[in-house]
Protein chains: 6
Amino acid sequence: MSNFTHFDSDGRAVMVDVTDKAVTERQATAAARVRMQPETLAAIAEGQIGKGDVLAVARLAGIMAAKRTPDLIPLCHPLALTSVKVDLTLNGAESCVEIAATCKLSGKTGVEMEALTAASVAALTVYDMCKALDKTMQITDLRLIHKSGGKSGEFTQA
Amino acid sequence: MSNFTHFDSDGRAVMVDVTDKAVTERQATAAARVRMQPETLAAIAEGQIGKGDVLAVARLAGIMAAKRTPDLIPLCHPLALTSVKVDLTLNGAESCVEIAATCKLSGKTGVEMEALTAASVAALTVYDMCKALDKTMQITDLRLIHKSGGKSGEFTQA
Amino acid sequence: MSNFTHFDSDGRAVMVDVTDKAVTERQATAAARVRMQPETLAAIAEGQIGKGDVLAVARLAGIMAAKRTPDLIPLCHPLALTSVKVDLTLNGAESCVEIAATCKLSGKTGVEMEALTAASVAALTVYDMCKALDKTMQITDLRLIHKSGGKSGEFTQA
Amino acid sequence: MSNFTHFDSDGRAVMVDVTDKAVTERQATAAARVRMQPETLAAIAEGQIGKGDVLAVARLAGIMAAKRTPDLIPLCHPLALTSVKVDLTLNGAESCVEIAATCKLSGKTGVEMEALTAASVAALTVYDMCKALDKTMQITDLRLIHKSGGKSGEFTQA
Amino acid sequence: MSNFTHFDSDGRAVMVDVTDKAVTERQATAAARVRMQPETLAAIAEGQIGKGDVLAVARLAGIMAAKRTPDLIPLCHPLALTSVKVDLTLNGAESCVEIAATCKLSGKTGVEMEALTAASVAALTVYDMCKALDKTMQITDLRLIHKSGGKSGEFTQA
Amino acid sequence: MSNFTHFDSDGRAVMVDVTDKAVTERQATAAARVRMQPETLAAIAEGQIGKGDVLAVARLAGIMAAKRTPDLIPLCHPLALTSVKVDLTLNGAESCVEIAATCKLSGKTGVEMEALTAASVAALTVYDMCKALDKTMQITDLRLIHKSGGKSGEFTQA
């Protein structure tokens, strides 16, 4: 049971005690893709320049969801995020919406889960708004792409 | 702008009016995978038979998240779900946790988003509990695999 | 203490018992204005056609707030709204943003508070986004303009 | 698009990055009025000395709403408020309930929106409790009346 | 594992499937006591007739908490309660505050947990408001005292 | 009206102003019991070693509830808890489940209410999962057993 930080030595779930951790500036970026039919992507693109901006709705949903992370993920600490940014772009070549979410905090614990939750809910919102057009969409590749601050130092992956 | 149900004719976001839709029995199942290092999967497996059941925590988080769907997805209707079930299983061959979430409702609108949100938050919770072991995890293949009830009829995909 | 429906005969706050009321189709529309400097209104107008649509953000906030009404207004019943629509328009002549919010329900109690809460939070969101430009804004004229369904019948005012 | 702090240079909504702002003591007071028929005001007055204190219910609702501000206003930061005070008084001369809400914080961002949200929900709660008596009530004059702390300094208006 | 309704045959937590249950009128009453020093009880009594009504604040907190039950109790169904009533009385003989909470619903599942949650949060609120006076308070005897509606029929205990 | 910290000099409820209080390390532990039939306790024990761990579900519910305290208890401050731990053990001799919840914070106000809320919701969750087996359960002895940090110093009781 060595390495699970969220269980105590008897295997019971705990919110990790961060009382004695240092307050440092922490940042994390998560990314995700919503894969869809080219026609669905085209409809989103058309709405953006015309009427009905799917990506703007999803961006807001992602920002708001970052703030709800401790209500959703049982063992996450309540945090006073100092910045949330969610970007959505259309990738025609791969027929997907690309999502990246970045959260920041001056605090005692990392903000990966906040960034991942923001990206995840932004993706679900894209799905919700397009589901009448396309039932074959998939949300994929939700992952941490960058993290800095805290004891574990900097981390980057594609 | 033809087919986006969540925008009116001027491109403004709306919660779709379902006042006049029939109350029918509706059901949806969503699935997702959390891909991880084989050592991470092995640690989850060990905890399950020993101390610290990651999947049990994630299952509860998924069930609770289904109920929060209208708080998270801006244009979802508030719904009185009659059943939520979240299954998580270890897939050693593909080194991933497989998640399936099923929601039911007697109501006027479908429950895909509730099932997708449940699967998504269950996946995020697995991620949260394993992230100290493995920063390369990815949440993938979040998709609708079954839906029944309502005007659009039955839908199934792999 | 004759007419307060939210107090019992001893003056204690209660959530009114609607168990025996009929399920009917109910609808309510509320309206509000955010009065501001002409320059502020012009900046919103410019953003709408260019970059940064204040009204789109406020519209979503209003829709989401309608769903949170029972969490905010202590004695409101939890309701499964079937439709929420929030319109915001620029009124140059009176230098204000005009807001109208309409909610619908098939249920046992009216939806005035949901419509008023949606209009109110949409107005607060306009305020939030413009407050760096203009500290003299005022939210005014929040009122019920239409209501139908239920025992008390139809109601309309300007 | 110069001055909107809540949009980036591409017009995308963001939660403003306050990571590098100084922690200072911040305070804001908002005010609002609920205009009503003199008979409605008289009924509230009678309840206060007798049975059924409308203003006490509204005061609590306002205090609780201040804490929910980041859940309601999409781009507000989550804040650990250190004080919330909501006052409601009867103004017979103008036949209205006067509401004032004050919030405090030692933090990196102002608390205007928290004070405005508290005043707004207190006003909506007065409305809710009196709506069976009076459908012509209006919530008006919701505005910032004082603000201190932070870079922009002190602000006062009537 | 015979009788636990909230686990499936593999011991996994589920929200019980009530899709096929009948809609009936359901009601439940829960009760609790907050035991305290006689001086603390006297202070509450004095506030009630004078300034500062602890019981009124606790009553509202209880009513609002009933509505939050599905957010708090993991496997509870979301319900559209039709009535919530919370009574608090001073019992000088036993030096305690007596709390009773009654919830009603026309629905597919019982409302015991809503009544128990309302009584529990009302008790916690009494505790919160008196804790500066008395650290020895205890919340006791939280129990179901009456339940009707649904398949299991009527239940009463002291 | 001397000593109620949550009322001002006019008897109006307030969230106490802690702006000027010192940030210190604060900790509180609350305890509770769920009394039940010996057969009910035996069923929980059997599930723990077999299928269906009631205590694991209740533990998570308690941890999550600690984070919701400011949403539930009207005058509690929003806090960024740094640690939450909930223990549940079976007491065969007294035929009850024993619950202890500990919360920590570096902050300006104590965390008793967070610990009491965690213990309370963990107890309610045990109740919920066992209520089909036993309607005579009682939640009792919810009390503060330890508190440290802050001006009032250390406190311990059985």
Side-chain angles (χ1 to χ4, degrees), chain C residues 1-13 16 32 43-44 46-47 50-54 56-58 60-61 64-65 68-69 71-76 110 112-113 116-117 120-121 123-125 127-133 135-144 147 152 155 157, chain D residues 1-13 16 32 43-44 46-47 50-54 56-58 60-61 64-65 68-69 71-76 110 112-113 116-117 120-121 123-125 127-133 135-144 147 152 155 157:
Chain C
M1 250 287 306
S2 44
N3 291 316
F4 283 120
T5 50
H6 283 115
F7 293 114
D8 68 11
S9 57
D10 292 314
R12 293 179 297 214
V16 176
I44 296 177
E46 193 186 332
K51 290 175 169 178
D53 190 346
V54 169
V57 175
L60 268 192
M64 295 181 82
R68 311 301 297 273
T69 305
D71 285 348
L72 295 172
I73 311 298
L75 304 171
C76 274
E112 302 97 296
M113 293 317 302
L116 287 158
T117 300
S120 186
V121 171
L124 288 166
T125 301
Y127 189 106
D128 181 42
M129 301 192 79
C130 297
K131 70 181 191 293
L133 301 182
K135 283 191 179 58
T136 65
M137 285 177 289
Q138 297 216 2
I139 297 172
T140 64
D141 306 316
L142 176 61
R143 66 208 182 278
L144 183 65
K147 176 182 188 310
S152 69
F155 168 84
Q157 75 183 339
Chain D
M1 251 287 306
S2 43
N3 292 316
F4 283 119
T5 50
H6 283 115
F7 292 114
D8 68 11
S9 57
D10 292 314
R12 293 179 297 215
V16 176
I44 296 177
E46 192 187 333
K51 290 176 168 179
D53 189 346
V54 169
V57 176
L60 269 192
M64 295 180 83
R68 311 301 297 272
T69 305
D71 285 349
L72 294 172
I73 311 298
L75 303 171
C76 274
E112 302 96 298
M113 294 316 302
L116 287 158
T117 301
S120 187
V121 171
L124 287 166
T125 301
Y127 189 106
D128 181 42
M129 301 192 79
C130 298
K131 69 182 191 295
L133 301 182
K135 282 191 179 56
T136 66
M137 285 177 289
Q138 297 216 2
I139 297 172
T140 64
D141 307 315
L142 177 61
R143 65 206 184 278
L144 183 65
K147 177 181 186 313
S152 70
F155 168 83
Q157 75 183 341

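Side chains are part of it too, since the values below use all heavy atoms of this structure and drop only hydrogens, waters and symmetry mates. Bear in mind the structure is a predicted one, so any value in this text is a computation, not a measurement. Lettering of chains follows the sequences in order, A, B, ..., and the numbering in each one begins at 1.
A distance of 6.0 Å separates OG1 of T136(D) from CD of Q157(C), quoted to the nearest 0.5 Å.
In this structure, E112(D) and K131(C) have side chains that are in contact, with non-hydrogen atoms separated by less than 4.5 Å.
Proximity to chain C (any heavy atom under 4.5 Å) is restricted, for R68(D), to the side chain, taken from C-beta onward. Within the 4.5 angstrom heavy-atom criterion, no atom of T69(C) approaches chain D. In this structure, chain C has no heavy atom under 4.5 Å from any part of V16(D). Of the two parts of A132(C), only the side chain, counted from C-beta on, holds a non-hydrogen atom closer than 4.5 Å to a non-hydrogen atom of chain D.
Here the closest heavy-atom approach between residue F4(D) and residue C130(C) is recorded as CE2-SG, 3.7 Å. The two residues G52(C) and F7(D) have their closest heavy-atom pair at C-CZ, 3.3 Å. Scanning all heavy atoms of the two residues, the minimum distance from H6(C) to D128(D) falls at CE1-O, 3.3 Å.
Chosen from L124(C), L116(C), D53(C), L144(C), the residue pairing most often with chain D at heavy-atom distances under 4.5 Å is L124(C). Between chain C and the residues Q138(D), M137(D), R12(D), the most heavy-atom pairs under 4.5 angstrom are made by Q138(D). The residue among T117(C), L72(C), V57(C) with the most heavy atom pairs within less than 4.5 Å of chain D is L72(C). When the candidates A123(C), S120(C), A13(C) are compared by the number of heavy-atom contacts under 4.5 Å with chain D, S120(C) comes out ahead. Put simply, of M64(C), R143(C), M113(C), the one with the most heavy-atom pairs under 4.5 Å next to chain D is M113(C).
The salt bridge (charged side-chain N to carboxylate O under 4.0 Å, His left out) check on D141(C) picks up R33(C), R35(C), with sequence neighbours excluded.
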